[in-house]
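Worksheet: the structure to be examined is printed underneath.
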There are 2 protein chains.
Amino acid sequence: MTARRRAKAPSQADVARLAGVSQSAVSRVISGNAATARIPEETRQRVFEAVRELGYVANPAARAMRNQRNDLLGVHTFERVFPRASEDFYFEFLLGIEERAEETGFDLVLFTSTGSGGGGERKIYRNGTNRLNLADGSILLGVSTDRGELARLWYEGYPFVHIGRREVPGAEIPQIVPDYRSASEQIVQRLAEHGHRRLGYVREWMEMEPYADRRVGYAETVVRLGLTDTSPGVLGRVGIEEPWLDEVARGAVTAIVVESVRLAESLREQLAARGRKIPDDVSVAVLEAAPADLSGQWDSLVIPRVEIGRMAVDRLQDMLADPEQRTGSLLVPCPLVLGTTVATVSE
Amino acid sequence: MTARRRAKAPSQADVARLAGVSQSAVSRVISGNAATARIPEETRQRVFEAVRELGYVANPAARAMRNQRNDLLGVHTFERVFPRASEDFYFEFLLGIEERAEETGFDLVLFTSTGSGGGGERKIYRNGTNRLNLADGSILLGVSTDRGELARLWYEGYPFVHIGRREVPGAEIPQIVPDYRSASEQIVQRLAEHGHRRLGYVREWMEMEPYADRRVGYAETVVRLGLTDTSPGVLGRVGIEEPWLDEVARGAVTAIVVESVRLAESLREQLAARGRKIPDDVSVAVLEAAPADLSGQWDSLVIPRVEIGRMAVDRLQDMLADPEQRTGSLLVPCPLVLGTTVATVSE
DNA sequence: TTGAAAGCGTTACCAC
DNA sequence: GTGGTAACGCTTTCAA
């Protein structure tokens, strides 16, 4: 047995010739609903026999061209999907996307070619052509700095969903968005319930929407509950400042809300250097998903990534089924994680 | 600004009409090598202007049909790519595949639709049609129980590479194979160098090729170096048997080679229950990649998964470039990991 | 019930 | 240099 030299894949025409029927008959037997034009059993058999003999398989490109669809869902990440760093941001989204794609009978295209080559940011449009077009619709995820691309994509009417919030002026991009704002509200509320009235806020350097949401949720709730916050972070200053830390050590605030685990860890260290402990002296809550580690579990929140991936697939398929559904986003609740870093205020 | 209702994507014909040139001119300007048929700068400009105005983007299906290629690499896994279990078998292969695909400008199709729906085994052929065809060529990975599918795929001349060894009678499937045989040889050799002469072998229940390779490598080297093995495992009996363990505890063997971490852990426990410690009383080496854990690092081997993924992409692209290269596999060395579970024989 | 033929959007060949 | 045109493989309409 030797492999056939991939000469020319047999076409329906070949099958038709062998079976002694017309090409359209072959098409109808193979993919057409045999119901529409009932083919006599005997003809069907002849066709199937020829198919088997020739090893015919449909040419997907031709099908796609004719049908104007693919059953292909695109996944575009603005950074590499599988980063080498173990801190694997996309993985869980992909988990959900794959699960749901499998369940609904779609294949997935990972747009990797669009890379600029050097591992930098990936672009959707490259020399005028848009690879995403290959798929019926796409799920976009990651940090896109170039909003113009998103706007253009949306304007052109290409069906896509964005995972994570991204505002683009003039375009109502359908998004699946973790509800950081409400999660932040709940966290502040919980701190208040534990008797905390003087809070602090530590922000990351990023200015992306997900952070904006957290900040709005925090700030609003502080005001609504009549709490106070005079920390540098709430004014827009990034990171942890020394003079403020000294004030914290002196008891200026009883609870701190931090945007990331990274900053929270750093905060813990610097407080320790001043002889202050979490949560005995200061309570701390983190506004992102935080794994439990050696020193306990941060009070934090859950980002239901798998579920978000699944929702994105469903949302996209709704769009494909009904082009009217071109806009409309989904807000996904982020449950709180009760950890060991928030205590009732002692005073 | 409101999104265009995805009416009909503009085609080259539309562009040609607007620019007042022929359709073939448009094609040449856009994708044809402008060198072949030098287009005057002024014509090019007109075309580009029309492209911009219409928001034209090439139709990939038509291109694929015409060019008989896609620049799409398929990835077919016989099980779900992203398993929910954290023990993520495919992940590192994918890492390498993605890296290399990006570097070489190919996109990736993940064939998820071929699932039987229930999370069971995925099939390549379903009701006569072969989804893999969508991609220029594919990388297959995982445990395929149905060798007939592989044989058919190969016979039909579809370009693919298999990650991991899989023998299919009559088909010379190109494979990227971790060299377990040679790794096993080296491990036995190393045990011999540490003075071990009476060895034992513990095997998994699986009968797949990768295990066969390990067993051959082990058995051959035991014979070649004049060592002895009278363990149940070397005779083909699966797992760890009680009576044999008792013999081990009595000193019947000084070193044991185990096919998996799972079995090695179990072995450690059962030896401990008999008051025997690794490596003080018995040395143990594992024939798979073993993470360091609390009780130290198993003497084991490295499976260079990322590298294997990258090699698979390259191998596949060689096949695409030159259809003569339809056969030919690559053996990838698995370096040894020197751990803490092999000691020099004390007697 | 079956077949002929048009058309999907692209590229490449061959005249002009 | 440029434009017509055939061809890629498929589905579907329209006749027979």
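Protein chains get the first letters and strands the later ones, always in sequence-line order, with residue 1 at the start of each.
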Within the distance-only criterion (no hydrogens, no angle test), does the side chain of D136(B) pair as donor or acceptor with the backbone N or O of D71(B) below 3.5 angstrom?
yes

Using the salt bridge (charged side-chain N to carboxylate O under 4.0 Å, His left out) rule, collect all pairs that involve residues 168-177 of chain A, keeping only residues at least two apart or in two chains.
none

Applying side chain to side chain donor-acceptor pair (under 3.5 Å) to R166(A) and not counting sequence neighbours gives E209(A)

Got a sec, which residues hit side chain to side chain donor-acceptor pair (under 3.5 Å) with Q23(A), two or more places apart in sequence or on another chain?
none

Tell me every residue that passes side chain to side chain donor-acceptor pair (under 3.5 Å) with S22(B), counting only those two or more places apart in sequence or in another chain.
S24(B)

Taken in chain and number order and not counting sequence neighbours, the residues that satisfy side chain to side chain contact (heavy atoms under 4.5 Å, CB included) with N59(B) are A61(B), A62(B)

Let me know the distance between CG of N70(A) and C1' of dC10(D), rounded to the nearest Å.
14 Å

Measure from CZ on R17(B) to C1' on dG3(D) and round the result to the nearest Å.
15 Å

Strictly by salt bridge (charged side-chain N to carboxylate O under 4.0 Å, His left out), give each pair with a member in residues 10-26 of chain A just once, sequence neighbours left out.
K8(A)-D14(A), D14(A)-R17(A)

Would you kindly give the CG-to-P distance between L134(B) and dG9(D), to the nearest whole Å?
16 Å

Each nucleotide N or O in nucleotides 7-10 of chain C that has a protein N or O under 3.5 Å away: list the pair and distance.
unit_1  : atom_1 : unit_2 : atom_2 : d
dG7(C)  : N2     : R66(A) : NH1    : 2.9
dT10(C) : OP1    : Y56(B) : OH     : 2.5
dT10(C) : OP1    : N59(B) : N      : 3.0
dT10(C) : OP2    : Q12(B) : N      : 2.7

For DNA chain D, report each stem as range with range, ordered by first number, or say none. Use Watson-Crick or G-U wobble pairs under 3.5 Å, at least 3 in a row.
C:1-16 with D:1-16

Would you say S24(B) reaches dA12(C)'s phosphate, i.e. side-chain N/O to OP1/OP2 under 4.0 Å?
no

Please enumerate all residues that pass side chain to side chain donor-acceptor pair (under 3.5 Å) together with R46(A), with sequence neighbours excluded.
E42(A)

Donor/acceptor link under 3.5 angstrom from R28(B) side chain onto base of dG1(D):
no

